[in-house]
Protein chains: 2
Amino acid sequence: MNIGEASGRSGLPAKTIRYYEDIGLIRPDRGGNGYRDYGSDDVHKLRFLNRSRSLGFSVDECRQLLALYEDKSRASADVKEIATAKLTEIDRKIRELTELRRTLEHLVHACHGNERPDCPILEELSEG
Amino acid sequence: MNIGEASGRSGLPAKTIRYYEDIGLIRPDRGGNGYRDYGSDDVHKLRFLNRSRSLGFSVDECRQLLALYEDKSRASADVKEIATAKLTEIDRKIRELTELRRTLEHLVHACHGNERPDCPILEELSEG
DNA sequence: CTTGACCTTCCAGTTACAGGAAGGTTCATA
DNA sequence: TATGAACCTTCCTGTAACTGGAAGGTCAAG
């Protein structure tokens, strides 16, 4: 498929997809006309990149995560080590998001009148 | 306190803290020597910024979130609307992180031998 | 009163894109 | 067959959110 369809299916702008190719994250085929040609596995990777980037992982971390699945020569112990480190980080992110969620919900419910209450919720916010 | 201590307490590099001042996110006092002087509420905000940035919110979104607590003149309905939108986004992030977590854990447990198995886990990864 | 660890501003570089120009390709329609 | 819209290409510039480093002022300890 062309880059437009890959964009539509992955949710990433075509610009970003080309950029990811520039920095070596994906390697689509090329048709005779010079157009990029993406397979469904490419789309899977792009969707994955879209998600993990939006969750605060750097492009380099995404590269590591992708490598967990792609680098056939990597020994299992390495994979486990990296994956385990990422798991710890993911758990932290989930915890922090949950706290942030709780705090925001508190605010939403606290504001029942027409005026914002003067509650010092920032403390709660930053206690993580 | 000086910027070094604020950095230590918030987890943000001093460079970043100065940058956040440049773009108007925080307004520390200045001592007679020209040094920035941070209070504990500043540290709270900085910790909050550190967290929400690492969770994939843009600086502008962080600004909105901070404004929910700072803008005393804002009507409650507005606060609710913004906060509710953020809640939806946070829920999505939590869902996606949970899926990513599950997939990574799967990989860790699947790799019991010395060689990485050739499992096409990418599909699972990108189904969110 | 100097030394080292702070702090300041300023300027340049990096990452991860986004916008837009200039031009080639494809495909439906006149 | 032609022409126009909607694709695609590369290239170059701009932006966001930092990061590093230079050049120099401040402060507390010995």
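To find a chain, count down the sequence lines: A is the first, B the second, and so on, and within it residues start at 1.
- Rounding to the nearest 0.5 Å places OG of B:S10 at 4.0 Å from CD1 of B:I17.
- For the OP1/OP2 pair of C:dA18 and a distance below 4.0 Å, the side-chain nitrogens and oxygens of A:T16 include at least one atom meeting the criterion.
- The salt bridge (charged side-chain N to carboxylate O under 4.0 Å, His left out) test applied to B:D91 returns A:R101, not counting sequence neighbours.
- Residue A:R53 places no side-chain N or O under 4.0 Å from the OP1 or OP2 atom of C:dA16.
- Distance CG (B:D60) to P (D:dA16): 9 Å, rounded to an integer number of Å.
- B:L25 places its CG atom 13 Å from the C1' atom of D:dA16, with the value rounded to the nearest Å.
- In this structure, CG of A:L49 is placed 13 Å from C1' of C:dA16, rounded to the nearest angstrom.
- To the nearest 0.5 Å, atoms CZ (B:R53) and CG (B:L55) are separated by 10.0 Å.
- The closest donor-acceptor contact from the side chain of A:K45 to the backbone of A:L66 lies at 3.5 Å or more, if one exists at all.
- For B:R47 against B:R9, the heavy-atom pair with the smallest separation is NH1-O, 3.0 Å.
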Just the atom pairs and distances: protein N or O near nucleotides 10-12 of chain C's N or O, under 3.5 Å.
none

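- Listed by chain and number, the residues in a side chain to side chain donor-acceptor pair (under 3.5 Å) with B:R92 are B:E96 (sequence neighbours excluded).
- In this structure, A:R102 does not pair ionically with A:E99, as no charged nitrogen and carboxylate oxygen lie closer than 4.0 Å.
- Here the P atom of nucleotide D:dC18 and the CG atom of B:D22 are 12 Å apart, to the nearest Å.
- Atom CG in A:L46 sits roughly 15 Å away from atom C1' in C:dC17 (whole-Å rounding).
- Taking the C1' atoms of five terminal pairs at each end of the helix from C:dC1-D:dG30 to C:dT14-D:dA17, the two resulting helix axes are inclined by 20°, rounded to 10°.
- Among the atoms of the strands shown, only primed sugar atoms or phosphate atoms (P, OP1, OP2) are found under 4.0 Å from some heavy atom of A:I3.
- Checking the phosphate oxygens (OP1, OP2) of D:dA17, no side-chain nitrogen or oxygen of B:Y20 falls inside 4.0 Å.
- Shortest non-hydrogen contact noted between B:T98 and B:I94 is OG1-O, 2.7 Å.
- Less than 4.0 Å separates DNA chain C from at least one heavy atom of each of the following residues of residues 27-36 of chain A: A:N33, A:Y35.
- Distance, B:D37 CG to C:dC6 P: 17 Å, rounded to whole Å.
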Contacts under 3.5 angstrom, residues 23-36 of chain B side chains, donor-acceptor by atom type, not counting sequence neighbours:
residue	atom	partner	partner atom	Å
B:R30	NH1	B:G34	O	3.0
B:R30	NH2	B:E21	OE2	3.3
B:N33	OD1	B:Y35	N	3.0
B:R36	NE	B:E21	OE1	2.5

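- One atom, OH of B:Y19, and another, P of C:dT8, lie 18 Å apart when rounded to the nearest Å.
- A distance of 7.5 Å separates CD of B:E61 from CG of B:L65, quoted to the nearest 0.5 Å.
- Look at CD on A:E21: it is 16 Å from P on C:dA18, rounded to the nearest Å.
- In this structure, the side chains of A:L100 and B:F57 come closer than 4.5 Å at one or more pairs of heavy atoms.
- For B:S7 (side chain) and B:L12 (main-chain N/O), a donor-acceptor pair under 3.5 Å exists by modelled atom type.
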